Colleague: 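Please find one structure pasted underneath; my questions will follow.
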2 protein chains.
Amino acid sequence: MEKKLRTKDKIVQASIELFNAQGERQVTTNHIAAHLGISPGNLYYHFRNKEDILRHIFKEYTRLLESRIQPPGDSTEALDALANYLDVVFELMWRFHFFYANLPDILARDPALHKEYQAVQEQVLARVVRVLNALRQAGVVEMPEQEISEFAHTIKLVVTFWISYLKTQAPEQTIDQASVYQGVLKVLLLFKPYASPAAMPRILQLQQHYQRLAGLPTSMSV
Amino acid sequence: MEKKLRTKDKIVQASIELFNAQGERQVTTNHIAAHLGISPGNLYYHFRNKEDILRHIFKEYTRLLESRIQPPGDSTEALDALANYLDVVFELMWRFHFFYANLPDILARDPALHKEYQAVQEQVLARVVRVLNALRQAGVVEMPEQEISEFAHTIKLVVTFWISYLKTQAPEQTIDQASVYQGVLKVLLLFKPYASPAAMPRILQLQQHYQRLAGLPTSMSV
DNA sequence: GTCTATACTAAGATAGAC
DNA sequence: GTCTATCTTAGTATAGAC
């Protein structure tokens, strides 16, 4: 579909790759240019500075997020909406894990990006609240209505900082796709005490699905 | 008791102050020296580099943590042990909040510090597991035994990244003591679905206690 | 122990030729 | 659009006098 990327796009793609592999902080504009075999001057022709590149990457991330998430409020079943949310969020989290590995640092350096991030997060929070309300109305979870908003924040916190947590725990910063998907299991664990008996089988089924993605034996209890 | 601090100690104290106020990343060794009215050369006489200062600060943090936490396994009531844990952890989190505001970044820069951090965290995890087991045996929470370890990790994640979460959500990085204590309420929320009916009154009492510290109206539901 | 002065380095960024 | 060459800056760190 798009065989020859323009230099500008190549810079964005190479940056994502290098940031994920080595950490955003360790990768300089010179490294990116060298990796592509272009000059630093050329890179600065296409982007004003490193923050500019990061803003473009975030835009790409947002675009993917919005295109992948199911339109809200349609006829899909409540638990499927949850699974869709988890699938999309954790897949993108893996593809852009450098961003989550140092989120406060990256946002602190660029107020403009921070604002964009917050705008997106408001949408995400609203989405999570909608999914939770649907689960509640479908009788999948039993939870006081006033707690939903707070619970949504807790979920968002666990999701957002799962990768950071991994990095603080791991001896080396070896983040792989399987370890990222272990975060989904942590989120499901938050749901478990609220699950209605009738919904338990389906929740256990979801759990096994993600245990496979996380490279864990499915017999393992969570 | 210790009226005249040696220059070395003054550097540590000033660093904590400045790091908390402006963020660790923004404060340079020159800033620290200027703040104290000493020369950069003098600072480097006392510390090999900035990481060296951070390691001393972490040692101080560890010292306080260990001195404040109640000895495990004594006759104290299970919920009191939980309250003690929360009090100590969140008070120190406030006094050293710069550390939690950029944890993955700080640890990534200094493998030696990372190792020390991990050693301390193992102790903390063991402590949390012990508290949870006590709560379970006292009938305060009802939770399958195999879930305790995973639940302990979730608690640690929420605690550790509460400040980071605040910083990503807040328009500006205005972290105050009250907002830090709102993290305790998030942790209590994790407990609530597991609480036995008999223990609910005491948990609600704890909740009100921390709502006061968090500067929230105690009538508010959480 | 403390200062002044200075060197080093790495990263970010630009000018001007092609 | 791309290159080469170069500049700036800021942060880290050291040497040597006092």
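It should be emphasised that the depicted structure is a prediction, and the values quoted were computed from it without experimental measurement. Letters A, B, ... mirror the listed sequences (proteins, then strands); counts begin at 1. All heavy atoms count here, side chains included; hydrogens, waters and symmetry mates do not.
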Colleague: Is the Phe90(A)-Tyr100(A) ring centre distance short of 6.0 angstrom?
Modeller: no

Colleague: Taking CZ in Arg48(B) as the centre, count heavy atoms belonging to other residues, nucleotides or ligands within less than 6.0 Å. Is the count above 12?
Modeller: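 Not more than 12 within 6.0 Å, no.
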
Colleague: For DNA chain D, which nucleotides open and close the run of contacts to chain A, 5' to 3', at under 4.0 angstrom from a non-hydrogen atom?
Modeller: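 Boundary nucleotides touching chain A, in 5' to 3' order, are dG1(D) to dT4(D).
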
Colleague: Which angle, to the nearest 10 degrees, lies between the helix axes at the two ends of the helix from dG1(C)-dC18(D) to dC18(C)-dG1(D), each defined by five pairs?
Modeller: 10°

Colleague: Is the closest side-chain donor-acceptor distance between Tyr117(A) and Thr168(B) under 3.5 Å?
Modeller: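 No, no side-chain donor-acceptor contact under 3.5 Å.
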
Colleague: Identify whether any heavy atom of Asn49(A) sits under 4.0 Å from a base atom; if not, whether one sits that close to sugar-phosphate; answer base, sugar-phosphate or nothing.
Modeller: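 Sugar-phosphate contact only.
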
Colleague: Separation of Tyr44(B) atom OH from dT6(C) atom P, in whole Å?
Modeller: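 Tyr44(B) atom OH is separated from dT6(C) atom P by 19 Å.
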
Colleague: Please report, rounded to the nearest Å, how far the P atom of dA11(C) is from the CZ atom of Phe47(A).
Modeller: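 Going from Phe47(A) (CZ) to dA11(C) (P), I get 20 Å.
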
Colleague: Can you tell me the distance, in whole Å, between the CG atom of Leu43(A) and the P atom of dT14(C)?
Modeller: 12 Å

Colleague: If you count the non-hydrogen atoms of other residues, nucleotides and ligands that lie under 6.0 Å from CD in Glu122(B), is the total more than 12?
Modeller: no

Colleague: Taking atom types as modelled, is there a side-chain donor on Tyr210(A) or Asp87(A) under 3.5 Å from an acceptor on the other?
Modeller: yes

Colleague: Would you call Glu91(A) and Arg95(A) a salt bridge, taking side-chain N to carboxylate O under 4.0 Å as the test?
Modeller: yes

Colleague: Tell me whether Trp162(B) contacts the main-chain N or O of Leu157(A) through its side chain, where contact means a donor paired with an acceptor under 3.5 Å.
Modeller: no

Colleague: I need the NZ-P distance between Lys50(A) and dA13(C), as an integer number of Å.
Modeller: 10 Å

Colleague: Which is more 5' along DNA chain C, the nucleotide nearest Gln26(A) or the one nearest Pro40(B)? Just name the residue.
Modeller: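 Result of the comparison: Pro40(B).
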
Colleague: Please check if any side-chain donor atom of Tyr165(B) sits under 3.5 Å from a side-chain acceptor atom of Thr160(A), or the reverse.
Modeller: no

Colleague: Roughly how many Å is it from CD in Gln22(A) to C1' in dA11(C), rounded to a whole number?
Modeller: 15 Å

Colleague: Assuming nearest nucleotide by heavy-atom distance, tell me which of Gly41(A) and Arg25(A) is located more 5' along DNA chain C.
Modeller: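 The answer here is Arg25(A).
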
Colleague: Just call it for Ser39(B): base, sugar-phosphate, or nothing, with non-hydrogen atoms closer than 4.0 Å on any strand.
Modeller: base

Colleague: With distance as the sole criterion, is a donor-acceptor pair present between the side chains of His114(B) and Gln118(B) under 3.5 Å?
Modeller: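 A donor-acceptor contact under 3.5 Å links the two side chains.
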
